[in-house]
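Values reported hereafter were calculated over all heavy atoms of this structure, with side chains retained and with hydrogens, waters and symmetry mates removed. Both ligands and their constituent atoms are indexed starting at 1 by order of listing. Everything numeric here is computed off the predicted structure, so don't read it as measured data.
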Amino acid sequence: MKFPQDFIERVSEANNLVDIISQYTQLKPAGGGLMGRCPFPDHPEKTPSFSVSEAKQVYNCFGCHKKGNIFTFLQQYNGMSFKESIEYLADRAQIPIPKVAEADYQASDAANEKKKLITKANQIAQNYFKNNLKSLQPQHPVTEYVKKRGLSSEIVETFQIGYSTEAWEGLVQELETKKIPLKVAEEAKLIKARTNGKSGFFDLFRERLMFPIFSMMGEPIGFGGRIIAQGEPKYLNSPETPVFHKGKILYGLSQTAKFIRTEDQAIIVEGYMDLISLFAAGIKNVAATMGTALTFDHGKILSRMTKNVIVLFDGDSAGQEAAERSLPILLAADVYQRV
Ligand SMILES: [Zn+2]
């Protein structure tokens, strides 16, 4: 029997690898992650060489080289099959196991293939935007704008900030060169089909500073674009795509999760420029929402890293309302909040 991918993802999200492994060995914060003595009986050791990343939900032993995720841990440690590990974790998180017809599995496989292609298109776009910014002359207005906004080269590198030029088909051509089907890139919301009887596609992001949005695994899943010259809208975010769901992702976490863990506290702000300003000022335990209120899923993601959350929204009434709305959501996710 085969499980649909979204079910496997739900099971994986509902369980914390750290909780499972902590039953077998004591984990202590070290560097950006957790370290402990290897729990595997065939690798007795006195000095800890077994590392776990709570943010990425993976483990790696530097001694015996066992590594993997929550499912492989149960397989390696308890001798479970893949199916048994999923059933065990679904049961643990009280998620009902679906009875799905074969046709649905195939549909789910196809959806997965598409997600992979969309992620690849995003990776190509990220590199393209990054190289655009890098190749500008020092006195170019965009380079000067970046400097004026206080974005040092270190910050640009950390957050992989890029630039979409004024060209209408710059990214379209790049994707074509890299053999990405343009229909897929359209689903990734990177480009759009021309209308009014014209054929072909055009770039959605033009003349913007580009902020890639990364999954917890560090894959680019969407983009935020801030306009450089005049024009509307000031901020343009990727719409929802098969890989990008605003309600399930916080901006910056793939860079800041380790700081949130070390500080045992998360500061939530309302957008990527707010996050980057704090980060540049040395306050690095930050995550940002992207034009949505905090959701229960956000709370769950945070509660894996810390129970202490500070909501730092705008002082205007909209910001205050958003902060108040987040209170019951974070409480439900078992997180304590200050505003
Ligand atoms: Zn080991």
Strictly below 4.0 Å, N to O, side chains only: are E54 and R261 in salt-bridge contact?
yes
Could you tell me whether E113 and K116 have a side-chain N and a carboxylate O separated by less than 4.0 Å?
yes
Residues two or more places apart in sequence or in another chain: which of them pass ring-ring contact (aromatic ring centres under 6.0 Å, His included) with F62?
none
Give me the protein N, O or S atoms that fall under 2.8 Å of the Zn ion (ligand 1), sorted by chain and residue number.
C38 SG, H43 ND1, C61 SG, C64 SG
Can you give each donor-acceptor pair under 3.5 Å made by side-chain atoms of residues 201-218, sequence neighbours left out, with the distance rounded to 0.1 Å?
unit_1, atom_1, unit_2, atom_2, d
D203, OD1, L171, N, 3.3
D203, OD1, V172, N, 3.1
D203, OD2, G170, N, 3.2
D203, OD2, L171, N, 2.7
R206, NH1, D203, O, 2.6
R208, NH1, G225, O, 3.2
R208, NH1, P233, O, 3.0
R208, NH1, K234, O, 3.3
R208, NH2, P233, O, 2.9
S215, OG, M217, N, 3.2
S215, OG, G218, N, 3.4
S215, OG, E219, N, 3.2

Would Y88 and N15 count as having a side-chain donor-acceptor pair, cut-off 3.5 Å?
no
Checking Y77 now: which residues fulfil ring-ring contact (aromatic ring centres under 6.0 Å, His included) with it, not counting sequence neighbours?
Y24, F40, F73
